[in-house]
*Asks:* 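Take a look at the following structure, please.
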There are 2 protein chains.
Amino acid sequence: MRHNWKSVRDEVAARILRSDYAPGDRLPRDEELAAELGCARSTVVRAMQDLADSGIVERRRKGGTRVPANPVTRATFDIPVTRSEIEARGQSYGYHLLEQTPAPSPLHVTTAFGLSAPQDMLHLRALHLADQKPYIFEDRWIALNTVPEIRDVDLTTLSANEWLVKNRPYSRCTVRFYATNAGSDYGPIFATDPTTPLFVVERTTWVNDAPITSVKAIAHPGYQMLTEVG
Amino acid sequence: MRHNWKSVRDEVAARILRSDYAPGDRLPRDEELAAELGCARSTVVRAMQDLADSGIVERRRKGGTRVPANPVTRATFDIPVTRSEIEARGQSYGYHLLEQTPAPSPLHVTTAFGLSAPQDMLHLRALHLADQKPYIFEDRWIALNTVPEIRDVDLTTLSANEWLVKNRPYSRCTVRFYATNAGSDYGPIFATDPTTPLFVVERTTWVNDAPITSVKAIAHPGYQMLTEVG
DNA sequence: TAGTGGTCTAGACCACCGG
DNA sequence: CGGTGGTCTAGACCACTAT
């Protein structure tokens, strides 16, 4: 008897691993599984919803529950505030504000926000240090119309990263990962050759369609984003 | 009256956006919220679990529900089979197997799997094409002890990627993203300068601690991994 | 140890969508 | 239109953990 949803989930997952249910197959109805495993339908539902969240099965009304014909690897990454990330590694955190300039948004930022025209923004360039060494360099634009208070915040001590996270929750966000060269922009910051490949995380956030901030976080050479699935 | 869990979730999310509940704050107990919003406790539970899954709140027995003091951006990426990815872009898919050699696992693969000694594996190098152009190059190692059937599969037509996904489900997987240079290994394949930065996705999979495959997928220049949150 | 979330149940009705 | 998953309810009991 399977009386809790995790054991039901694990049983179904095991059947998929054993190919009892193969990609493309339809699984028994929740009610049948409940009867077979000796639990309530809602327990099966809970288990199946968890599997569906992981992308291991697909559920459709009337269509039933299936193992996807083309399974995907669903990977989840938590992107913390940079200070937390560094401290979680047991390293000391340091922060340098390199530039703080009001300016109209440049084209790439305007389009990232989906705006039809440039807006007044605050442009920041800052460096996050781990054990005194450059860890992440951030190039950030903050929409002054949406976040006017930022003008009065002392960003030399507290990073915009932290202030925003605690004071300006977002309702929507896009995240991009890609590779770039250090070039003449970042090479000097990380003291590396301009040809060094660097990992970039770009995030753009909104509150109800009003732009908040768009940030390019360029990580130090060798940085990896790692996660485990399953 | 909020009578379904999504409206409860949205109401709580809205309160967090308005900073009615700020980072570090404790939210009312589920029972109180249920009473306030006029629904059953289980409806509130469903809503809160969804928010907890998104990292928007943290829940602990006896500790209650809180807005995390250090909120994170939780991003989810679906990594499909390469063919599906290309076809989903509306491009034609092509595949070339460049190399297929049995060999003992090299050090970096042995350690990726957490093995104490090298194992017999099948080494593959293959190129995925989108509209005839190089899209992703994969360098893959498959554990022959765990997947002996792979010896009898014709991998010149069907990519190992697809065969494995449909025939060898995994129970555990690690995913890494990082940047690398094209160098002399990948430069010729993508017809680019050796200094070109490339985005790499590295995945290693197991079934119940038995190694299945470890693959480095090197994407074409300019490749981005993109996702939306919220 | 007491307070809070976590889960299970049985039953009902709803909503989507495949045939 | 009928079959399947989706959700809600009320109540009970369990399990963790903050205090």
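In what follows, chains carry the letters A, B, and so on, assigned in the order in which the sequence lines appear, proteins first and then strands, with residues in each chain numbered from 1. Worth saying up front: this structure is predicted, and the values here are computed from it rather than measured.
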*Asks:* Return all side-chain donor-acceptor pairs below 3.5 angstrom for residues 218-230 of chain A, not counting sequence neighbours, or 'none' if the list is empty.
*Replies:*
unit_1    : atom_1 : unit_2    : atom_2 : d
His220(A) : ND1    : Tyr135(A) : O      : 3.2
Tyr223(A) : OH     : Glu85(A)  : OE2    : 2.8
Gln224(A) : OE1    : Arg176(B) : NH1    : 2.7
Thr227(A) : OG1    : Thr76(A)  : O      : 2.8

*Asks:* To the nearest Å, give me how far apart CD (Glu31(B)) and P (dT7(C)) are.
*Replies:*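 Roughly 17 Å, once rounded to whole Å.
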*Asks:* Below 3.5 Å is the cut-off: list the nitrogen or oxygen pairs between protein and nucleotides 10-12 of chain D, distance only.
*Replies:*
unit_1  : atom_1 : unit_2   : atom_2 : d
dA12(D) : N6     : Arg41(B) : NH2    : 3.3

*Asks:* Hey, can you pull the donor-acceptor pairs under 3.5 Å for the side chains in residues 45-58 of chain B, sequence neighbours left out?
*Replies:*
unit_1   : atom_1 : unit_2   : atom_2 : d
Asp50(B) : OD2    : Arg9(B)  : NH1    : 3.0
Ser54(B) : OG     : Asp50(B) : O      : 3.0

*Asks:* Between Thr43(A) and dT9(C), is there a contact of a side-chain N or O with OP1 or OP2 at under 4.0 Å?
*Replies:*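 Yes, because at least one side-chain N or O of Thr43(A) sits under 4.0 Å from OP1 or OP2 of dT9(C).
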*Asks:* Between dG6(D) atom C1' and Arg9(B) atom CZ, what is the distance in whole Å?
*Replies:*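 The answer, rounded to whole Å, is 14 Å.
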*Asks:* For residues 63-78 of chain B, which residue pairs pass the salt bridge (Lys or Arg N to Asp or Glu O under 4.0 Å) check, not counting sequence neighbours?
*Replies:*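 Non-adjacent pairs meeting salt bridge (Lys or Arg N to Asp or Glu O under 4.0 Å): Arg74(A)-Asp78(B), Asp78(A)-Arg74(B).
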*Asks:* List the atom pairs, with distances to 0.1 Å, where a side-chain N or O of residues 157-165 of chain B and a protein N or O form a donor-acceptor pair under 3.5 Å, not counting sequence neighbours.
*Replies:*
unit_1    : atom_1 : unit_2    : atom_2 : d
Thr157(B) : OG1    : Asp154(B) : OD2    : 3.4
Ser159(B) : OG     : Glu162(B) : N      : 3.2
Asn161(B) : ND2    : Thr82(B)  : OG1    : 3.0
Glu162(B) : OE1    : Arg83(B)  : NE     : 3.2
Glu162(B) : OE1    : Arg83(B)  : NH2    : 2.9
Glu162(B) : OE2    : Arg83(B)  : NE     : 2.9

*Asks:* With sequence neighbours left out, write down each residue that passes side chain to side chain donor-acceptor pair (under 3.5 Å) with Ser116(B), or none if nothing qualifies.
*Replies:*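 Not a single residue meets the side chain to side chain donor-acceptor pair (under 3.5 Å) criterion with Ser116(B).
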*Asks:* Which residues satisfy the side chain to side chain donor-acceptor pair (under 3.5 Å) test with Thr110(A), sequence neighbours excluded?
*Replies:*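 Partners of Thr110(A) by the side chain to side chain donor-acceptor pair (under 3.5 Å) criterion, ordered by chain and then number, come out as Ser105(A).
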*Asks:* Strictly below 4.0 Å, heavy-atom distances to any atom of DNA chain D: list the hits from residues 44-51 of chain B, or just say none.
*Replies:*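 Residues of residues 44-51 of chain B that come under 4.0 Å of DNA chain D are, in numerical order, Arg46(B).
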*Asks:* Got a sec, which residues hit side chain to side chain donor-acceptor pair (under 3.5 Å) with Arg15(A), two or more places apart in sequence or on another chain?
*Replies:*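 Testing Arg15(A) for side chain to side chain donor-acceptor pair (under 3.5 Å), a comparison that skips the adjacent residues, returns Glu11(A), Tyr21(A), Glu36(A).
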*Asks:* Run the side chain to side chain contact (heavy atoms under 4.5 Å, CB included) test against Ala69(B) and tell me which residues pass, sequence neighbours left out.
*Replies:*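 Counting only residues at least two positions away or on another chain, Ala69(B) forms no side chain to side chain contact (heavy atoms under 4.5 Å, CB included).
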*Asks:* Below 3.5 Å is the cut-off: list the nitrogen or oxygen pairs between protein and nucleotides 17-19 of chain D, distance only.
*Replies:*
unit_1  : atom_1 : unit_2   : atom_2 : d
dA18(D) : OP1    : Arg60(B) : NH1    : 3.3

*Asks:* Who passes side chain to side chain donor-acceptor pair (under 3.5 Å) against Glu138(A), sequence neighbours left out?
*Replies:*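 So Glu138(A) forms a side chain to side chain donor-acceptor pair (under 3.5 Å) with His128(A), Arg140(A).
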*Asks:* Do the rings of Phe177(B) and Phe199(B) sit parallel, tilted or perpendicular, given the 30° and 60° boundaries?
*Replies:*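 Tilted.
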